[in-house]
Amino acid sequence: MEALTGVRVGQVGLGAWGANLVRNLDELADLAWICDAQEKRRDLFARRFPNARATGEFADVLADPTVEAVVIATPVPTHYQLARAALGAGKHVFVEKPPTMRADEMEELVQLAERHELVLMPGHLLLYHPGVGKLKELIDSGDLGEVLCIYGNRQNLGTIRKDENALWSLGVHDLSVILYLIGEEPSETWARGNAFLTPGVEDVVFCYLRFPSGKIAHLHLSWLDPHKMRKLTVVGRDKMAVFDDMELERKITVYEKAPEQPAQSYGEWRTRTGDIFSPKIPNDEPLRLEMQHFLKLVREGGGEIEARDGLQVVRALEQLTESLRD
Ligand SMILES: NC(=O)c1ccc[n+]([C@@H]2O[C@H](COP(=O)([O-])OP(=O)(O)OC[C@H]3O[C@@H](n4cnc5c(N)ncnc54)[C@H](O)[C@@H]3O)[C@@H](O)[C@H]2O)c1
């Protein structure tokens with residue numbers, strides 16, 4: 001599905017992550033505009049992408065009637081205003097995660113997109129990771145048996161952010177995947193954490209979620225940790241699966257391990273341990289797959305599911321934040 005569209009796109013935000021997005025857009029779409037408030041970033045990217053027009057004003061991008069879609073990769077507090085302006089100007093929108101910092105703002109954007117039949121896609125990168133696709137396949141095929149619990153580890157002595165805490169910066173990834181895998185919104189949310197470095201910005205957060213079906217989930221999110229971990233564990237009644245994004249080859253490992261109750265054991269549980277195997281996972285770049293999906297939606301229509309998923313994730317983040325501040 002390479003360069004399928006010729007969609008005319010403008011990108012705002014040419015920072016560390018924006019650099020990855022703009023590279024993919026240049027290859028997959030018709031990159032018409034690049035926009036950044038900092039002249040140095042603009043000049044750097046103008047040299048790299050001479051066919052795109054460069055500006056410091058997002059309004060210039062929106063005023064161009066030939067631009068069909070915009071990609072927003074600015075800091076999180078700016079997302080809502082920029083996305084609202086873009087939808088208001090009739091542009092399809094891809095907005096980096098998290099798309100807003102409040103559920104009512106996300107609700108407004110979703111309604112705006114639906115009213116104008118525009119795509120509103122949040123940057124839930126992991127949903128386009130072939131490893132997550134495999135996890136979903138294992139769950140939906142019934143291979144793992146009934147899913148009982150899922151827990152995520154996203155830790156690293158990494159970028160220490162000042163605008164968003166570990167919940168909003170890191171947890172958004174795991175929440176988007178957990179809600180996708182379970183297919184439910186949480187009925188109970190609980191979070192605890194602490195801001196050890198920057199006042200008001202929690203750098204260590206633990207979350208617990210319970211779903212209407214009884215499934216439970218837990219997240220450990222932190223940038224104060226000796227380990228770099230990017231791991232999601234799914235415990236099923238029949239098998240267990242681990243998605244480890246730090247592994248180069250064995251991204252997914254399936255363990256044929258489970259408790260069982262033999263008929264003659266009168267209620268006693270014993271454990272069963274079988275094979276451990278790693279299914280082959282394609283090596284495709286998730287960001288490229290994500291951009292291809294966005295451009296396909298712009299070309300062919302749709303996007304309601306993506307926008308609603310974004311709303312569910314922001315809603316869960318908001319509930320966890322309320323619990324964190326209790
Ligand atoms: N999906 C992922 O895995 C992933 C990874 C990293 C970051 N992100 C997201 O990407 C976004 C950007 O992160 P980053 O690390 O690149 O940030 P960054 O601070 O490196 O870059 C942001 C850029 O936006 C520009 N900018 C800010 N406000 C602007 C405005 N109003 N108009 C024009 N330009 C403006 C800044 O000058 C800067 O160059 C964030 O939302 C972040 O959460 C996503």
Side-chain angles (χ1 to χ4, degrees), residues 9-25 33-46 48-49 52-63 67 70-86 89 91 93-102 105-106 109 120-129 131-132 152 154 156 158-177 180 201 221 223 228-230 232 243 245-246 285-294 306 309-310 313-314 317:
V9 190
Q11 179 172 319
V12 58
L14 302 166
W17 187 247
N20 298 322
L21 283 159
V22 79
R23 164 177 54 81
N24 274 291
L25 288 174
W33 285 89
I34 47 176
C35 172
D36 198 289
Q38 289 180 58
E39 197 178 351
K40 241 170 87 179
R41 296 300 289 177
R42 267 198 323 267
D43 290 349
L44 177 70
F45 285 86
R48 258 184 228 169
F49 304 108
R53 295 177 70 183
T55 178
E57 296 298 327
F58 190 44
D60 292 340
V61 182
L62 300 186
V67 169
V70 296
V71 166
I72 299 171
T74 50
V76 180
T78 65
H79 288 177
Y80 162 68
Q81 293 290 354
L82 296 177
R84 195 173 64 151
K91 313 295 184 194
V93 171
F94 172 90
V95 54
E96 256 312 331
K97 57 84 194 165
T100 64
M101 295 196 73
R102 286 179 22 196
E105 291 177 348
M106 188 58 191
L109 294 185
L120 170 64
M121 181 169 150
H124 294 162
L125 180 68
L126 278 184
L127 298 186
Y128 302 89
H129 194 302
V132 170
R154 194 164 293 273
N156 186 20
T159 313
I160 294 160
R161 296 200 176 255
K162 292 206 182 100
D163 292 329
E164 327 135 52
N165 63 12
L167 173 62
W168 286 79
S169 178
L170 305 175
V172 62
H173 288 296
D174 301 284
L175 279 171
S176 67
V177 175
Y180 169 65
V201 182
L221 311 162
W223 47 69
K228 179 158 184 174
M229 288 179 86
R230 299 279 181 266
L232 209 63
F243 166 52
D245 209 7
M246 295 308 295
E285 185 192 6
L287 184 56
R288 194 174 188 85
L289 298 175
E290 186 183 38
M291 283 299 100
Q292 282 174 335
H293 185 69
F294 174 60
E306 288 75 4
D309 283 353
V313 171
V314 175
L317 283 168

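Counting convention: from 1, in listed order, for ligands and their atoms alike.
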Protein N/O near ligand 1 N/O, under 3.5 Å, which pairs?
from: ligand 1; atom 1: 1 (N); to: E96; atom 2: OE1; distance (Å): 3.3
from: ligand 1; atom 1: 16 (O); to: A16; atom 2: N; distance (Å): 3.2
from: ligand 1; atom 1: 16 (O); to: W17; atom 2: N; distance (Å): 2.8
from: ligand 1; atom 1: 20 (O); to: A16; atom 2: N; distance (Å): 3.1
from: ligand 1; atom 1: 34 (N); to: A37; atom 2: N; distance (Å): 3.0
from: ligand 1; atom 1: 37 (O); to: D36; atom 2: OD1; distance (Å): 2.6
from: ligand 1; atom 1: 37 (O); to: Q38; atom 2: NE2; distance (Å): 3.0
from: ligand 1; atom 1: 39 (O); to: D36; atom 2: OD1; distance (Å): 3.2
from: ligand 1; atom 1: 39 (O); to: D36; atom 2: OD2; distance (Å): 2.7
from: ligand 1; atom 1: 41 (O); to: T74; atom 2: O; distance (Å): 3.2
from: ligand 1; atom 1: 41 (O); to: H79; atom 2: NE2; distance (Å): 3.0
from: ligand 1; atom 1: 41 (O); to: K97; atom 2: O; distance (Å): 3.4
from: ligand 1; atom 1: 43 (O); to: K97; atom 2: O; distance (Å): 2.9
from: ligand 1; atom 1: 43 (O); to: K97; atom 2: NZ; distance (Å): 3.3

Heavy-atom neighbours of E57 CD exceed 12 at 6.0 Å:
no
Side-chain (K162) to main-chain (V201) donor-acceptor, under 3.5 angstrom:
no
Has the side chain of R230 got a donor or acceptor atom that lies under 3.5 Å from a matching backbone atom of R154?
no
I72 vs E96, side-chain contact (heavy atoms from CB on, under 4.5 Å): CA-CA, chis, key distance, verdict
CA-CA 6 Å; I72 299 171; E96 256 312 331; over 6 Å; no
More than 12 foreign heavy atoms under 6.0 Å from CZ of R53: is that the case here?
no
I'd like to know if the side chain of D36 reaches the main chain of R41, judged simply by a donor and an acceptor atom lying under 3.5 Å from each other, with no hydrogens or angles considered.
no
